[in-house]
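Following: one structure in structure tokens, then a few remarks.
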Amino acid sequence: MSRFIFSSPRKYVQGAGVIAELGTYVADLGKQAFLVADEIVWGLIGQQAQQALQQGGVESHYQQFNGEASSNEISRLSQLAREKGSNVIVGLGGGKTLDTVKAVADELALPVVIVPTVASTDAPCSALSVIYSDTGVFETYRFYSKNPDLVLVDTFVCAQAPVRLFASGIADGLATYVEAQAVQRSHAKSMVNGDPTIAGMAIARACEETLLTWGFSAYQAVAQKLVTPAVEAVVEANTLLSGLGFENAGLAGAHAIHNGFTAIDGDIHHLTHGEKVAYGTLTQMVLEQRPDEEIARYIRFYRSINMPTTLAELHLENERWENLVKIGELANSEGDTLKNLNPNLSAETIAHAIRAVDAFSKTVK
Ligand SMILES: NC(=O)c1ccc[n+]([C@@H]2O[C@H](COP(=O)([O-])OP(=O)(O)OC[C@H]3O[C@@H](n4cnc5c(N)ncnc54)[C@H](O)[C@@H]3O)[C@@H](O)[C@H]2O)c1
Ligand SMILES: [Zn+2]
């Protein structure tokens, strides 16, 4: 029986300078905020955030994020927030910080406010966290009963972040519709365990359209730390459209293969989420036998924003065949989403596709 489900954050606010309004919005949710950010992000906007909260009549306590969205880090921060008597959790930063604060808020059954400071992933809006070991190996998806209470995105702040992270967010967003189509084709379930709604699919499609239409000029603008209408559109696509799209229409091969890459030691660990997802998307496209010209279009677009399309760019050019098969095995693990692409893929078939992307990419002009 079909169950069409659509889930979303309660409120999404985006614009250059909106961080100044943080207190006004947070005050509706709680008056004792527990703020989490890493050292870099805190140095950039910590003071501004605290001031904005104060203006809204919200007291705040800051704790530094240690860098990994792991069970240990979640327990440590939960304990501290409990001791402080906080009644709203606020996370500022990239995907790992945001995934961690979602889990902390869930442990304490408190509202959560997400302030992405970089448009690098579609983590902000979702009701799930990606959990890793303390050393950064993918462990599991942790699901929540609700999405964040507020997502507040200051476009100006995001445009100051490294352009490589912005491009990575574009790559993460470009996977959304590719994976959504696979889920729909195979009648699989979305990340909210429902059948994709018309809304979910339309949002995923709008995400792809926005990124292919304005992704390149937005990338050029952010490289100069500028905010243009195209940058606003792409920040929305990376954050809101991609987030609602992947959650409500589902994940398939691109993200499972991304998760598979964490099985490998070495320099691939220095790649961003989006960079690995870009290659995972191409691998999925090869596995679903998309027309050559369609794959080539994606390759040209990734190249234009400096995302990897060859094994050398993933630092995997000399990787042994057994290790590529290991990536396939982890991608194929229970609880991951490769089966939404095709339940009958072997680890070897995935390894073939990983190498085939490289071979094809080298021929694309
Ligand atoms: N929960 C979800 O739905 C979901 C979706 C996609 C990705 N993810 C997860 O997100 C994580 C990846 O997130 P990420 O790519 O943002 O990386 P990250 O969180 O590991 O790192 C972001 C980096 O950017 C820096 N930074 C942030 N804002 C900045 C700014 N304005 N200026 C300068 N530097 C800034 C931070 O200090 C940090 O070093 C992965 O763990 C992935 O699994 C989760
Ligand atoms: Zn992603």
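Counting convention: from 1, in listed order, for ligands and their atoms alike. Position 1 is the first residue of the sequence, and the numbers go up from there.
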Main-chain N/O of T309 paired to S361 side chain as donor or acceptor, under 3.5 Å: yes
Close-range residues for ligand 1, whose non-hydrogen atoms fall below the 4.0 Å threshold: D38, I40, V41, L44, G94, G95, K96, D99, K102, T117, V118, S120, T121, D122, A123, S126, L128, S129, V130, Y132, V157, A161, P162, L165, D172, F246, H273
Sequence neighbours excluded - salt bridge (Lys or Arg N to Asp or Glu O under 4.0 Å) pairs with any residue from residues 142-162: R10-D149, D106-R142, E107-R142, K146-D149
H273 atom (N/O/S) at minimal separation from the Zn ion (ligand 2): NE2
Close side-chain approach of N342 to L287, heavy-atom, < 4.5 Å: no
Carboxylate-amine/guanidinium contact K96 E68, below 4.0 Å: yes
For the student: nearest non-hydrogen atoms of A105 and P111, plus distance: CB-O, 4.2 Å
Atom of D172 nearest the Zn ion (ligand 2) (restricted to N/O/S, atom name only): OD1
Sidechain N-carboxylate O distance under 4.0 Å for E293, R300: yes
Electrostatic pair D99-K102, nearest N-O below 4.0 angstrom: yes
